[in-house]
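Below: one structure, written as structure tokens.
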Amino acid sequence: MTVQRSNLRDLLPAALAALLLAGALLLVCTPVWASAAPETGATSMAGDASLSAVEARRLRFLFWGYAAIWLLLGGYIVSLGWRLRTVRAEIGRLRDRLAAPRSRDGAA
Amino acid sequence: MPTFLRRLDGVLTILVVLAMFVAIHGAFLGAPKESAMGNVQRLFYFHVPFAIGCFLGFFVVLIGSVGYLIRRGRSWDLVAESAAEIGVLYCTIVLVTGPIWARPIWGTWWTWEVRLTLTLLLWLIYVAYLLLRMFVDEPDQRARFSAVLGILGFLLVPFVYFSVYLWKGLHPSGVLKKGNLDPAMRQVFLFNLWTILLLFFVLLGLRMQLGMAREELDQVRELERDR
């Protein structure tokens, strides 16, 4: 089984950057976006004009929830990219050694 | 990997990044604020899709494991191994976001209700699956042992899913049934679900590339030893 040097590898950093950018944007905008959204249902926990203390506390949990998602997802993608790069570098190094002519005493 | 598949991988990667932006927009602006739980309910649009994605991951482990035991092909084992890793990632996200959502709503980070306990057990089984793969050196033995664990582990998935119907707990039941969810919320939820499932396949493709690269590395190492 051989590995093709696919264009996906080149896409990985861009995809990661976009995901992390989305995450960062989300973390910054969470309170603003969430408070701007329309409400459903008959009752409201938040006041009409300002966020109640309860709602402000819930927004903090929302913030940390999404932060956890992006950290775990981003961390995994980074680790995947790092592992792929390490293995490919090792393959390249070994292939170079195999291709190099051996010296008389047996060392490459 | 054939050129067609490589192109498909690239297209899927771009698609999933774009879909993720729309999913975030939907979760925060598209969906209305839930009246009882307030804004923290917006975790639902990622928490539940990741939970379904984790079931899909463990289902793919089951397929790969059964495939390996029948065909003894290395690629089946590679599919199972890759899916298990992503399934564990998804399950971790569920186990982390769940308590963050539960704290302001249930008043506690964790409770030993059936669904939570079974989900934790499921996570532990597949973490054990990954550890087993790390500690068995012989490839055939590793694939065989982990295939058995992968199949047995999946037996827990239906119990996790149906636990809210079988045993009374804090988790609500039937939320996803038609009519139980506001149409706008349902639309956002379904879009996010497909996005998270698409992300699963993109990550699966990347993880399988890593597995194939490791196999190539083993082959090159053997060539170097034989030299």
Residue [X] versus chain A: region with a heavy atom under 4.5 Å:
X      : answer
B:V96  : side chain
B:A27  : side chain
B:L12  : neither
B:L223 : both
B:L199 : side chain

Quiz item: Yes or no on side-chain contact (heavy atoms from CB on, under 4.5 Å) for B:L89 and B:L203, after CA distance, side-chain angles and deciding distance?
Solution: CA-CA 11 Å; B:L89 169 76; B:L203 291 176; 4.2 Å; yes

Quiz prompt | B:N192 (side chain) donor-acceptor with B:Y45 (main chain) under 3.5 angstrom | solution = yes

Practice problem: Answer with side chain, backbone, both or neither: which region of A:R83 has an atom nearer than 4.5 Å to a non-hydrogen atom of chain B? | Solution: both

Quiz item: Pairs in or reaching into residues 170-190 of chain B: which pass ring pair (Phe, Tyr, Trp, His ring centres under 6.0 Å), with residues at least two apart or in two chains?
Solution: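 Matches after skipping sequence neighbours: B:F44-B:F189, B:W106-B:H171.
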
Practice problem: May I ask you to decide whether B:R42 forms a salt bridge with B:E34, counting only side-chain N to carboxylate O separations under 4.0 Å? | Solution: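 Looking at B:R42 and B:E34, the cut-off is not met.
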
Self-check item: Pair B:D77 + B:R74, salt bridge at N-O below 4.0 Å
Solution: yes

Quiz prompt | All salt bridge (charged side-chain N to carboxylate O under 4.0 Å, His left out) counterparts of B:R221, not counting sequence neighbours | solution =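 B:R221: salt bridge (charged side-chain N to carboxylate O under 4.0 Å, His left out) contacts with A:E90.
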
Practice problem: Give the member of B:G98, B:P99, B:P104, B:A184 that has the highest number of heavy-atom pairs under 4.5 Å with chain A. | Solution: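 That would be B:P104.
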
Practice problem: Tell me, out of B:L18, B:I93, B:I105, B:T97, who's got the most heavy-atom pairs with chain A below 4.5 Å. | Solution: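 Result: the option with the highest number of such pairs is B:I93.
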
